[in-house]
Amino acid sequence: MTDAVSGPALSADPLLRWRPEFPILERATYLVSHSLGAMPKGAARRLQEYADTWATRGVRAWAEGWWRMPSTVGDAVGAIIGAAPGSVVMHQNVSICQSLILSCFDLGGRRNKIVYEDLNFPSVMYVYEAHRRLGARITMVKSEDGVTVPLERMLAAIDEDTLLVPLSHVVFKSGYVQDVAAVVRRAHEVGALVVADLYQSAGTVPVDVAAWDVDFATGGSVKWLCGGPGAGYLYVAPRLAGSLEPRITGWMAHEHPFDFSAGPVDYAADATRFLHGTPAVPALYAAGAGYEIVSAIGVPAIRRKSERQVQLIIDLARERGITPRTAPTARERGGMVILDVPHGEAVTRELIRREILVDFRPGAGIRLSPHFYTTDDEIRRAVEEIAAIRDSGEYARHQGTGGTGF
Ligand SMILES: Cc1ncc(COP(=O)(O)O)c(C=O)c1O
């Protein structure tokens with residue numbers, strides 16, 4: 001395995017010049033950025049900076065930047081997802097962001113219906129399901145093929161009773177790209193609001209929350225943004241923000257937190273009203289390194305490369321008799337490909353043992369994803385190894401020997 005890419009390979013694929021920034025590429029074939037993006041060296045430098053700041057500035061660090069980090073780091077994410085400065089704040093993860101959005105609404109009235117696809121990320125479903133006890137009614141739109149989501153059925157399910165439509169821009173189980181703008185148009189016709197989960201798109205598929213006119217968006221930094229855990233983000237459309245009062249709240253949401261006034265929260269006029277308590281400062285330091293690289297390259301360039309390499313995986317797999325579970329057109333495919341091979345979980349364990357890092361999802365298959373740092377040779381090697389493991393029966397050694405959960 002080598003991270004040194006030079007000469008013709010580099011002129012054919014200039015994005016490969018970023019490889020030396022990602023140490024794991026020296027020792028593994030890294031095709032798992034849909035789960036955990038590779039760590040940029042800059043993340044370690046920033047964590048050291050965090051420790052140095054704490055050590056040398058002590059409590060002054062809050063006033064010198066830490067307190068504002070949920071907003072300043074939010075702006076860095078905002079630049080990637082098309083959000084205006086001041087409209088994104090950082091939280092730990094998507095689940096808390098979805099809960100926070102829900103906490104802005106009353107589920108006791110007629111408009112308490114939630115519509116989402118059955119391919120939505122389960123943690124998001126768990127949040128909405130738990131709100132049935134406060135009155136939420138849930139309509140789950142079924143996928144016919146386990147890959148795509150029928151847009152017409154999504155649109156038809158959204159009616160005057162619908163409060164929220166939380167949908168994944170890119171589906172975690174299949175890489176299918178949903179038409180968020182079409183869902184927003186329908187939702188707004190009937191007074192419903194849309195929450196776009198950008199976790200599987202931001203950083204690899206272009207996102208423009210302002211152009212979509214979406215009401216809320218959320219996602220995290222663990223995957224395509226190469227920002228590590230603990231840096232989830234919440235976008236609230238500026239036209240809505242001032243009228244919402246989340247019940248999940250705390251002193252960071254207060255207009256004057258340092259008055260320490262007793263009684264109810266006086267919500268801040270800006271997006272900090274969507275914060276609550278003390279932020280996870282180290283995670284916010286670490287995350288910035290990934291955003292910087294993604295922003296320097298630009299998502300359109302990442303997408304062009306991704307489309308080409310996703311097609312390469314599909315073509316190579318088909319040549320070897322492996323079925324890709326993927327949307328029919330390039331436009332509808334995000335950055336990952338699912339390959340359906342018998343005993344996929346055991347094959348995945350053997351691939352990981354061979355330093356080819358991918359993962360497996362039940363009911364889907366082996367998930368592989370190229371990112372801007374991936375070479376075509378790595379893709380060829382991975383698909384060849386999958387076919388070889390399948391043909392040799394080598395996977396049998398790994399049947400039932402523990403999960404590939406992450
Ligand atoms: C589409 C999608 N949403 C959300 C998550 C994770 O949610 P959370 O940030 O709450 O852990 C994932 C992780 O795999 C995901 O793929």
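Just so you know, these numbers use all the heavy atoms, side chains as well, and skip hydrogens, waters and symmetry mates. Keep in mind that what you see is a predicted model, and the values were worked out from it rather than measured. All residue numbers in this chain count up from 1 along the given sequence.
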* So among Arg137, Lys113, Arg111, which one has a salt bridge (charged side-chain N to carboxylate O under 4.0 Å, His left out) with Asp161? -> Arg137

* Asked: Between the side chain of Arg325 and the main-chain N/O of Ala364, is any donor-acceptor distance below 3.5 Å?
  -> yes

* When you measure from the side chain of Lys305 to the backbone N and O of Phe372, does any donor-acceptor pair fall under 3.5 Å? -> yes

ring-ring contact (aromatic ring centres under 6.0 Å, His included) against [X], all qualifying residues, sequence neighbours excluded:
| X | value |
| --- | --- |
| His131 | none |
| Phe216 | none |
| Tyr267 | none |
| Trp212 | His169 |

Once the angle between the rings of [X] and [Y] is folded into 0 to 90°, is it parallel (under 30°), tilted (30 to 60°) or perpendicular (over 60°)?
| X | Y | value |
| --- | --- | --- |
| Trp224 | His34 | tilted |
| His371 | Tyr373 | perpendicular |
| Trp67 | Phe258 | tilted |

* Asked: Is it true that Glu378 and Arg19 have a side-chain N and a carboxylate O under 4.0 angstrom from each other?
  -> yes

* Glu355/Arg27 salt bridge by N-O under 4.0 Å criterion -> no

Is it true that the side chains of [X] and [Y] contain a donor and an acceptor less than 3.5 Å apart?
| X | Y | value |
| --- | --- | --- |
| Glu332 | Gln178 | no |
| Ser221 | Tyr291 | yes |
| Tyr128 | Gln98 | yes |
| Arg381 | Thr29 | yes |
| Tyr116 | Thr139 | no |
| Asp270 | Thr272 | yes |

* To do: With sequence neighbours excluded, tell me which residues meet salt bridge (charged side-chain N to carboxylate O under 4.0 Å, His left out) with Glu245.
  => none

* **Residues Thr218, Leu198; criterion side-chain contact (heavy atoms from CB on, under 4.5 Å); working and verdict** => CA-CA 6 Å; Thr218 178; Leu198 308 177; over 6 Å; no

* Asked: Pick one: which of Ile80, Leu225, Asn93, Val89 meets side-chain contact (heavy atoms from CB on, under 4.5 Å) with Tyr233?
  -> Leu225

* **Lys NZ or Arg CZ of Lys223 over Tyr199 ring: under 6.0 Å, within 45°** => yes

* According to the ring pair (Phe, Tyr, Trp, His ring centres under 6.0 Å) rule, which pairs have a member within residues 315-348, sequence neighbours left out? -> His343-Tyr395

* **Closest contact, heavy atoms only, Met90 versus Leu275** => O-CD2, 3.7 Å

